[in-house]
Every structure is written in structure tokens, then in C-alpha cells.
Number of protein chains: 2
Amino acid sequence: MNTNMGVDYVLVFRYANSEKEEAIRKFDDLCQRLVSVGLHIEVRNGENHSLLVLVRVEGEDALWGEVYRSRVKDWMHGIRAAAPPKETQEALEAEPLYEAERLRIIYQLITNPENEGGAGITPKEDGWKEVESIFALHDHNYNKAWMRKWGSQWFLTTEDLDELRGRLGEKIAFYFAFTQSYFAFLLFPALFGLSAWLILGHFSTLYAIVNGLWCVVFTEYWKHQEYDLAVRWGVRGVSNIEAKRKDFQHEKEATDPITGETMQIFPAMKRLQRQMLQIPFAMVAVAVLGTLIATCFGIEIFISEVYNGPLKSVLVFLPTGILTTVMPILSTVLTNIAKQLNEFENYESQAAFERALTQKIFVLNFITSYLPVMLTAFVYVPFGALIVPYLDVFSLTVRPFAEHDDQLKAPTEGFMINPARLRKQVIYFTVTAQIVNLGMEVIVPYLKRQGFAKVKQMQSERAAKRGGAPPDVSENDQPEEAPFLARVRKEAELDVYDVTTDLREMVIQFGYLSLFSVVWPLVGLSFLANNWLELRADALKICIEMQRPVPFRADTIGPWLDSLSFLTWLGSLTTAALVFLFSNDGLGPEGHPTDIKAWALLLCIMLSEHIFLIVRWGVQMAISKIDSPGRQKERRERYLVRKAYLEDSLGGEAGRRMPKMSEAGEKDVTRESLEEEARESSLHDVKPEERFWRRQRGWKDSAVVGKGMIERGVVDDGAREETKKEL
Amino acid sequence: MNTNMGVDYVLVFRYANSEKEEAIRKFDDLCQRLVSVGLHIEVRNGENHSLLVLVRVEGEDALWGEVYRSRVKDWMHGIRAAAPPKETQEALEAEPLYEAERLRIIYQLITNPENEGGAGITPKEDGWKEVESIFALHDHNYNKAWMRKWGSQWFLTTEDLDELRGRLGEKIAFYFAFTQSYFAFLLFPALFGLSAWLILGHFSTLYAIVNGLWCVVFTEYWKHQEYDLAVRWGVRGVSNIEAKRKDFQHEKEATDPITGETMQIFPAMKRLQRQMLQIPFAMVAVAVLGTLIATCFGIEIFISEVYNGPLKSVLVFLPTGILTTVMPILSTVLTNIAKQLNEFENYESQAAFERALTQKIFVLNFITSYLPVMLTAFVYVPFGALIVPYLDVFSLTVRPFAEHDDQLKAPTEGFMINPARLRKQVIYFTVTAQIVNLGMEVIVPYLKRQGFAKVKQMQSERAAKRGGAPPDVSENDQPEEAPFLARVRKEAELDVYDVTTDLREMVIQFGYLSLFSVVWPLVGLSFLANNWLELRADALKICIEMQRPVPFRADTIGPWLDSLSFLTWLGSLTTAALVFLFSNDGLGPEGHPTDIKAWALLLCIMLSEHIFLIVRWGVQMAISKIDSPGRQKERRERYLVRKAYLEDSLGGEAGRRMPKMSEAGEKDVTRESLEEEARESSLHDVKPEERFWRRQRGWKDSAVVGKGMIERGVVDDGAREETKKEL
């Protein structure tokens, strides 16, 4: 049976590593806080030294107040055009509460600080170290249906995405929307790439241009689509509601001149200084990773191109070995440094924090993913002939295997660089690596889980042998709840899903397409296949390997958008350079890499870059013209609000038009009125201004006077001729 | 006496070139329309075959309805945070009606189409050819005071600008604000330039960098300031209220899916095609103007450097002569073509129309202003030695004066280019041309007016001699109005002030600073002096030479902003190139222009450009952090609106918090309750879910249970050690 017992959230309270009294005090506090915000709780035993606090809302209408609050808040921040109606029923009929919204609001109820009406429970953060995680339970029936549906169709429709958004929230829905749209767009480069590969061969200028154009169109069109989805899902602008970061340290406090609230301030100047640290950090990262990559690269070249002793076939894999072992360690270290750096920069809002972190992570990924190819393309091939002779230094690595020194001698002349190397490398990164990645995502976690299960089993057995066995957590479960609780305990052990890693993967992948696909036009095809699987694999991951994610909101894929634009731009440089250098198979335009003219190369790059910038501007213009359902929806809502207001505001006395002057005109000119006029004007207390405005009685009079003037003043043709001449 | 008789607007109705009946019909229509919107009119005779229709609003409160309308409309478009209060008094006390607003609203009342509640009178446009102009009368007392004030102070304060905005409207105020801020910013380059000139000499890298940085800071800071002023003046976002263009031709009509109104549509695709014509146009312009400039340039060089016959000193001025005669004609022709092209592109809104036109005009100005210098810098100096020998073609121009052919022979070798030429040229454009310009603006119109007066006098005299003298317009004026009417007639003859020409002047001037000032660092100083005068001269021009401008609104200096950014960016290229080429006096880095390495030059330019882009990004970041009164004002208004709404919305039943669960907790555990529980749970109709949630009676019970579990489950240190190990 798959019921969730109406549980909304499960809190895992782990007391394994805290003192008994402390733990008890904390737990008591926890219960009180949860109840104080109106949640109903039940407590059960959890796996190794934890408690499961199961939470639910007592009746939907109780929640309504919170829903209304959050919707009003949205309206205040301009996320919704119209304020929500105040009557519960009416409002819920107008826009029913969807699951993700419901869960989000309950989550906020638990985590928001007290002053915002929440329980202020922040898992793993200041004072709540014991609360290990807060998660909702998977809806297994839905998940099954989901998997079945997606497994059976080629494309995801917008309805699928809506469905997803209703369940897992906008943030995750946006990831899938992006990947889906990327997948759809890939059809073109896949087909075009194939034909280019068949007809044009490598490094074709035509392919480079088309591919560059495609990248621009995709990036810009996604921005357009993103906006549309945000409106469709009613989250346009949520990124402006800035959630304060819990562990933001303020230096001084000041009262906001506007709201009168006390603001916590951290001087921007100081933050800037701290941000400056990014520059040395980036340099170090480039240096460290760069040298590692360069060295392995050097060794490989040495062995494959210079060394000709025994075991060559084996030794060739030496550098790869080094790389695959050392690289992960280094990048983990650097990532941690980046995180600490980010903490140190001490951002005020969660959004800013994540943005900054993403940028740092992107830099690291950029180096590890693209530097090797760049080395081959822009160092090895052009300068290979010059460098290789100096590679003897690496002879150390293979000296033990060599019989005599000739095997270690680099040919001083007549060394020919090997253009195929570049292609091989690109193929490795765009096919092999992608497949490996996919495997890692799905299989490794599965094995991990199995392993842990084994370990636990062994523990308990060992403990049982020793006698001092801790009581089995499930021993005093009610039989009828047992299976349910078992499932809860299992889900409590799962990892938390982080959507940004998946997003990063996609963006980095896009990078290969925009930067290097000219080397091997089949890149698009490979990605197309890969991403069809990727979409399903990620869904599967969320369903099986991860706790059900908290449905956070978002109105964009965030800073990754900048990364996309950056990669597209960089593509215009690298592609131009590649085409220029490698036209007729890496021997340069004149057939000898050494003959390549530096100024010509630079000129070519510059041109390509500026053409790119102009084209992008044009594409942006064109796309901004495109209308879309979302935009129409937005306009309609705004229009309705305005209409409603205008009707009730301009109806009144305030909105009246100016009175028509005609009645003054109707007053016909009688003898009396004339005399009266005369008298008035003769009076001396009448201001000259008044007299001026009374010369003509009403507009008809003025009209008559004017016509008279025309009659008299109108010019006979002769005169008109003259005036013409004179003017 | 300086009274304006309370006249709000004067319409000049000229019937000189239309048939009598037609004219009379039109005039009658005119009067009716004016009156129908509640205006009071008086008619007087005007200069050669025109009528003066003087218009005023009958009493302020009559106008209030219109004011309220326009303010509500603003609020609808998000220009004001709060809706205006409905009570006239209250509203007018809250924000008194300032003169510019008043005049603007009356102007709209006259010109708006009927369906928007206006009189639909559009001077010089479809059907209203006779209405020559609509203008308000100058407030001479104010103008005098204004001139006196500005004449006596060095800097314009924000209050001065507010004052100006209150009188002449935001659009003109923005021009003065910009020029003022530009003037203030110029202090730095003036001083720095002076010291650079004294210490560093020409083409100093340091000056180039500082100047480039200054340009970026100025451009970005102005954007910031502009926003601030827009908020201060309550016009932020007016550019979004798009005024339909009168002579926009639609191709088909459709009903707006949202508002249900019929929209007039012109297919964007077709417009795009038409816009494409700009490219050939630009090419032609470059070709035509380019050849002219190049030719004159060539001739000049030939004469000054090659020719050594008689009359050389005179002939040198030949090219300048050609240029000053032919150039204006050509550029007028091209400008007209540009205007027609713009008409042809058939824009829907006035704003779009002006934007497009400005861009075209900018292109033309760009060529005429900067091309000559660029020719000298990037063609003559680097390639002079190669080109000069081929200049014999120009010998024709001076052959008649030469005695023998040797005087026309270009020295085949040993020709040295003349680096001073570049500096001379820059000085000409940044000093001489500026002064000339200033003169043209103030003196020429004055002379023109004098001339016209003479002509008119002679006409009437001649006419008088011929006897058939048209009656003098002023003959039947009331003596007490005579001087006033005389003034009105004079102002009716004046030109209409167009602010964009003045703006263009400033932007083009800025261009010299950002593009070429590295050639001659005193540019800043010259501009500083020039602009102090410029500001006053323009004010004077508006007061004396022009009709009082209609106070239109604006929230930016418009497309010129893009031109500024563009010039700043281009500066990063040209400056880099100039410094590279001309370091040690135009002889290139190695002392021989021919030795200049193309790749080094390109690299230098590329670097400079990308550094520029990064720096600009940084500056934008930094400036966006700066807070300002305007922004604070905006935030405060928004905050107040929100507060107001929240108070009255969240007070109600809808906004209530969720009920505390505690009362359930209070229920203490008695024997009865236990039994009752037992009974309940035994009942079979109770769903298992319900039973699940009833296991623990209220939260206190749950807390107790949980604590119990912790008591039992808590790990003794030994065990904890183990768990640690195992995990």
C-alpha cells in the first residue's frame, strides 16, 4: 500500500552526536515551535539514533490564511497583476492551490523566522544542527506514471512541464524545460552537422558560421521562452523577492530611512575587496589545473610521438591514469576553497550567494573541461614542432623501460604534428565522457546505496554478536504502519537533489558545441542522443535516488544564462581561430603551420567577433518582436486591472471632461447685450485682460470676425504670386 | 507692459495659400473644435494673410478633470506609484499643478484625436495644413530673470534645473541637465589634460587610459543620474506611453485579442525589409562624403607637400574652399534622403520614428565629423609615403599656375610625412569649429531676423507705391492691445526650437574627446570653456530666437545615449591605435612607420577593447550600487503604497494565521480519554490514516514519547565512537 498517511513533511532529528540533555531540550523546543504555527505532529523512531517527526496541516482551510498571505506578498512584489480575492472559496476557485505551492508554503511555515510567522527551524544551520533534513514523501503512484509517460514519448510537451511544475516546483521544472528546449534545438545541428560531416568535412567555414548563428539563436530564444514560462507559471519576478541569508554577518546596523526598520549592513566596499580575492584564486586554479593538464599532455605526446621503446602501447595510458586520479582530487579541493571564498564574501541574500558561487564553479569547470582541447588546438598544433624537441624532460617517466637512449631522443627536425589528435580529443569529450557521466549519475549512487545497506546489516550483526545491540528501530512499530514507516526511514537516508549540478552539466555540454564542434561536426548528433537519455535519467534519479525535493520557485535558470551567453561569444573567437588555423587539415592556409600569418589570424578573429556581436544584436531585436501566449496573458491581466480601475475612478466627478464652451456661443447678440458689454468695458475696474477676452462674444462671434478678416485679407492670385516670390 | 492677457496658446492660421471658401470652412471647423473641448477663443489679425487664434482655459478648476485624467493615466502606466486622490483640492495640495504640466495638458487637449477627448488639431499635418503653428507666449519677466541668474553663476544647481523643468518641461530640462553634468565632468579632463600636455606630451599611454576610463565613468554615471532625475521629476517610464504617429499607414486591421480594440497593423517583416535600405544608404553616404573628403585631403596634401610653384600660399586654401561649399549641400541632400527613408519605414509610434531618424542622422554626422581626422591618422600617416607619389592626379588642379613640370613632380623617395598635420586637424575641429558653431547659433539667426524685417518693410513700401497695399494687419487693433498683439505677431514669426540638434552637437563634441583627445590633450579644456558659453547661448536662443517650446515630457536623452556608449567603445579602439602608431611622434614604436608590425597593432587594439569591456562592466556594477535621493524617493513611495494595502487587506479574516495546535496539547490524559481512544481505534470505520495521527494525543504526548526514545536510544560514548568509525 502506497498511502503517505497524509504526511506533509518529515523532519529527521538526529541526536547521535549531541548530549542527551541538550538533545531532549532541543527536541521539546522543536515540537513546541511546530505546533505553535499550527502543525499537527507525530513522532516515530528513526534509523541509527534519529527521530522521525511527521508533520501535517490540520485541514486545508486552516492553510488558507498562509496561502492568501503569500499570494498578497506576490502581488506586492508585482509578481501577480491583480490582488487575490479575499473570499477563500472564490480565490481557490479562481486559482486552485497546486501541490507544489501547498508544499512550498508549509515548508516556509516551518523554516521562516518567527518574525515572519514561521517556526524558524533551519536544518543543519545555526542552532538546529540536530535537524538533519526536512523532506516531503514521494508520491510513488505519480512517479510510476511519470516514468512510464516520459519513457514512451519523444518530446516533452508544455503540459508535461506544467505537470512537473505542479509537483516539483518551478525551479526544477525550469531545468527540465531548458534541457527539453535544448534537446529540441539540437535536432538542427545534429542533422546539419551530419551532412556537413559527409559533404563539407572538418573545419568548414560554412559549418562554423551556421553553428555560431544557431548558438546565438538558441541562447536568445531561450531567454524569450524563459520569460514566457515564468509568466505562464505566475512566477515572473520571484527572483526579486530576496530571501535573507541565515548566516550573513552584518557589521553595523542602521535604520532604513524609508521603512524605518533596522537594516543589517555589510559595507559594499569591504565586500568588493573580498571579491577581489577571486582574481588570485582564478589564477591559482588556472596555474594548478593548467600545469597538471599540460604535464600529462606533454608526457602523452612524448610517449606517443617521441618514445619508441617497449611497452609503448601500455605507457600511452600513463598520463590518462595520472589525470583521472589527480584531477578529481584537485578540483574538489579548489571547489571547497571556492565555497569558503564565497562564504567569506558574506552575501546578504541567498540569490546573490548562489549567483557568486555558480560563477566560481563555472570558472573551475571551464578550465577542467575546455583547457585540454585548447592546449591541443592553440599550442600543440601551431607550435608543436617547436615544443616537442624540449619534451625530453618527460623522458624520466619512461626511462626505466627504455633499452637505449635513442628511444628517448626527440627528432630535432622533420617532426610532423599529428592533426588527428585534436579530433580524437574532441570526440573523447563529446561522446565518451558524456556516456561515462550518464553512467555515473545513475549507476554509482545505486551501488553506493547497496553498499551502505550491506554495511548497516553487518554492523547490526556484529553488534548482535557483541550482545550490546541497540534495539531495532522498527521493533515497536504498529504492524499496520510498519511498511509505511519502513519507507519513510528509507527515504530519510537518501541524498538531497541539487538541480544546479544538472544545469551545469548541460551548460558545459553546450560549450563543446559552440567552442569546438567545428573540429568534428557530429558533436550535435552525439548530444542529441545523450540528452534524450539525460532527461529521463534525471527524472529517474529524482524519483528513486533522491529525497523528494522541496518545490522552490524560480523565474529563470539563473546565472547559467550568463554562462551560456559567454560561451556563445567565446565560440565566435575559438571557431574563427580553429577554422583559420586548421583549414586544409591543420596545415594552415598555406599548408605549413609555421607560415600562418599572426596578423591575418588576429584580423580573422576580430572580424568574427564583431560580426558575432552585430548578429546577436540583430537576433535579439528580431526575437523581442515575437509575441507569445505568456506575454499575451501578462498584457491581458494588466489590461483588465487597468480597465477595472479606470471604470470606477473616471466615472466620478473628478474624471469629468471640461465643460463645453458652446453655450457661451449660443448667446445671440441682442441690442441689450451689446449695450451691457459697452457699459462693462467702460467700467474702469475691469482689468484690461478681461476686456481683451470679451471683445468677441462667444465662439460664433469669433468665427464671424475671423471669416471677415479672411474675406478682406485673402490675396488675389497676382498678389499670392508675389508673396511666393518674396518668401 | 508685459502681460500675456492670460493667453495659454496661440494658433497661427495662415490662409495665404488656400482657396477662400476652403479657408473659411476650415477656420469655422477650427473654432468649433477648440470650443467643443472647453477652450475660450479670441481671434485677431496676423502677419501676411494669417489669423491669430488666441486660446485660454476658462478657470483653473475646469482644467482639473483633464489633469486628473492624465495623472491617473500616468499611474496606470506605472509612472506614479500611487493613484492620485480624487478630491481636487486634496490632489492639488499634494502635488500642485506646475506650469509645464498645465501647458502640456492644454496642448494635448488641442492636438489629441477626438476619440481621446482632444480637438484633434495637428499643425501642418493631414487636413490642418493651414494651422501653421501652436505656441505659448514667452514669459518675458521670467526669461529676463533666468538670463540674469545663469549669467552670474558658474554651475547650474539641481534647483535651477527643477525651475527649468517647471517652465519648459522635462524634455528640454533633460538636455540642460545633460550638458550641465557633462560640463561638470569636463573639469577633470580639462585639468588632467592640461597637466598631461605640460608633462606627458602627446600620445601618452597614461593619458589614453585615464581619458578612456573617464569616458566610461561619465557615460555610465549619466545613465544613473538620468534615472534619478526622471524619478525626481516624476516622469520615469513616460517613454513607454507610446503616442501613435499621425501619418502611420497601416496595411491591415485586426482586433486585439486582449483589449478587443481594432489595431492597425504594419507587418514587421515588411518594415525590416525597408530598414535594410539603411545599409546601402550608409554605404552611399560613406562613399559620397568619403570621396569628397578624401579628394580635398589629397589635393591639400599635394599642394602643401608636393607642389612648389607660385601662389602655393593661396592655393593651399583651395580644398578647404571646396569642402566648405560642397559639404553642406551634400549633407543636406543626404539628410533629406534619410528623412524620406525614415518616413518610408513607416513607424507606428512617434518615439520609434524619432529613434530611427536620430540613428540615421548620427551616421551622417559621424562621417562628416570624424572621417577627416581618421583619414589623416590611419591612412595618411602610416601609408603617406606610399600614397603621395600617386597624388600627381591632382596636379590638374594647379597645373594652370605651375611654370614647369618639376613643380608638379612628387619626390619618388625620401618623402617624409608630416605628423603635425594630425594635431593641427584635431585642434581645428575641437577649437575653431566649436567657436564657429557657437557663433552660427547665436548671430546668424539674429541677422536672418533683421534681414526678414527689412524685406517685409520694403515689400509693404513697394506695395504702398503700387497703391494696392494690403491693409496693415495692425490697423484696427485696439490701442490698449496693440503692443501685446505686436509682440504676439513677432513671436509667431519665430522658429520652433528643436532640442535634438543641440543634443547632437554635445554628443558629437564628446566624440572628439573620446576618439582623438590623445592627439592633443587640451581638447577637454577647450570644451570646458565652450560649454559654459554653450549652456547660456542655448538658453538665450530659446528666450529670444525661438517660439516658446511646448513642454513635452521625456525620461531620458533618448537614442543619443546609445551614441554616447558607441563613441566610448570606439574610443577604446582608436585611442589604442593612435597611441600605438604615434608613440614617439608618429614614427611608430621603432621610429619608422613602415616598421610597424600589423599583428602587434591588432593585438594592441584587441586587448584595449576587451579591457575596456571588462572595465565598463565593472563600472556599471559599481555605479548600480550607488543609492540616490531619486531612488530613495521611489522606494519610499512604493513602500507606502504596499504598507497601506497590507494594512487593509491582511487585517481581515483572510489574513489570519493558522490556529495554534496547543489546545489539543492541553487535553491531559485521563482514564476516560484513554478508554475512549481505545474504543475509537477499535472501531473499524476509522481510516488507518486517522488512527496513525491519533497514536499520540496532542503535541505534549508526542514530545514525551520522543524524549523517551532519546532516553532509550541515546548512545554511550563507546557506541558513538563505533558509529563514528563505521560512518
Side-chain angles (χ1 to χ4, degrees), chain A residues 5-6 15-16 20 23-24 27-28 31 35-36 38 40-43 45 49 51 62 65 68 72 76 86 258-259 268 459 480-481 598-599 602-603 606 625 635-636 639 642 649 652 654 656-662 688-689 692 695-696 699 702-703 705-707 709-710 713-715 723 726, chain B residues 5-6 15-16 20 23-24 27-28 31 35-36 38 40-43 45 49 51 62 65 68 72 76 86 117 258-259 268 459 480-481 598-599 602-603 606 625 635-636 639 642 649 652 654 656-662 688-689 692 696 699 702-703 705-707 709-710 713-715 723 726:
Chain A
M5 295 286 185
Y15 52 86
K20 192 196 247 169
I24 288 177
F27 183 74
D28 196 55
C31 296
V35 168
S36 71
H40 190 151
I41 62 170
E42 281 278 327
V43 182
N45 229 336
H49 310 107
L51 296 181
Y68 179 74
V72 166
M76 291 286 147
K86 284 184 187 171
I258 292 143
T259 62
Q459 280 174 28
E480 63 174 5
E481 336 179 324
W599 66 265
L602 284 171
L603 196 63
M606 258 183 111
K625 293 261 180 300
R635 282 211 306 280
R636 185 175 301 107
Y639 172 73
R642 280 182 193 172
S649 82
R656 77 181 187 294
R657 289 255 168 241
M658 279 172 70
K660 218 157 168 296
M661 278 292 157
S662 50
E689 197 172 301
F692 177 84
R695 291 258 179 274
Q696 291 152 9
W699 73 272
S702 317
V705 173
K707 288 176 209 160
M709 291 174 175
I710 298 179
V714 84
V715 276
T723 33
E726 287 149 356
Chain B
M5 296 283 183
Y15 53 86
K20 190 195 248 174
I24 289 179
F27 183 73
D28 196 56
C31 296
V35 168
S36 71
H40 190 153
I41 63 172
E42 282 277 328
V43 181
N45 229 337
H49 310 105
L51 296 182
Y68 180 74
V72 165
M76 290 287 148
K86 285 185 189 171
I258 291 143
T259 61
Q459 278 175 32
E480 64 175 6
E481 327 178 334
W599 65 266
L602 283 171
L603 197 64
M606 260 183 110
K625 293 261 181 300
R635 281 211 306 283
R636 185 177 301 105
Y639 171 76
R642 282 182 192 173
S649 84
R656 79 184 186 291
R657 289 255 168 242
M658 278 172 70
K660 217 159 170 295
M661 278 292 154
S662 51
E689 195 173 300
F692 176 85
Q696 290 153 10
W699 73 271
S702 315
V705 172
K707 288 177 209 158
M709 291 174 176
I710 297 179
V714 84
V715 276
T723 34
E726 287 150 359

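Proteins get letters first, then strands, A, B, ... in listed order; numbering begins at 1 in each.
Nearest heavy atoms, Gly706(B) versus Val43(A): CA-CG1, 4.0 Å. Listed here is the closest heavy atom pair of Ser702(B) and Phe27(A): O-CE2, 4.2 Å.
Note that CD of Glu481(B) and CZ of Arg695(A) are 4.5 Å apart. Values are rounded to the nearest 0.5 Å.
Contact annotation for Tyr639(B): only side-chain heavy atoms (C-beta onward) come within less than 4.5 Å of a heavy atom of chain A. Contacts between Phe692(A) and chain B at a heavy-atom distance below 4.5 Å involve backbone atoms as well as side-chain atoms. Heavy-atom distances place the side chain of Leu51(B), and not its backbone, under 4.5 Å from chain A.
Ranked by heavy-atom pairs under 4.5 Å with chain A, the list Arg635(B), Met606(B), Gln696(B) is led by Gln696(B). Highest contact tally toward chain B, considering only Arg636(A), Glu42(A), Lys707(A), is held by Glu42(A) [criterion: heavy-atom pairs under 4.5 Å].
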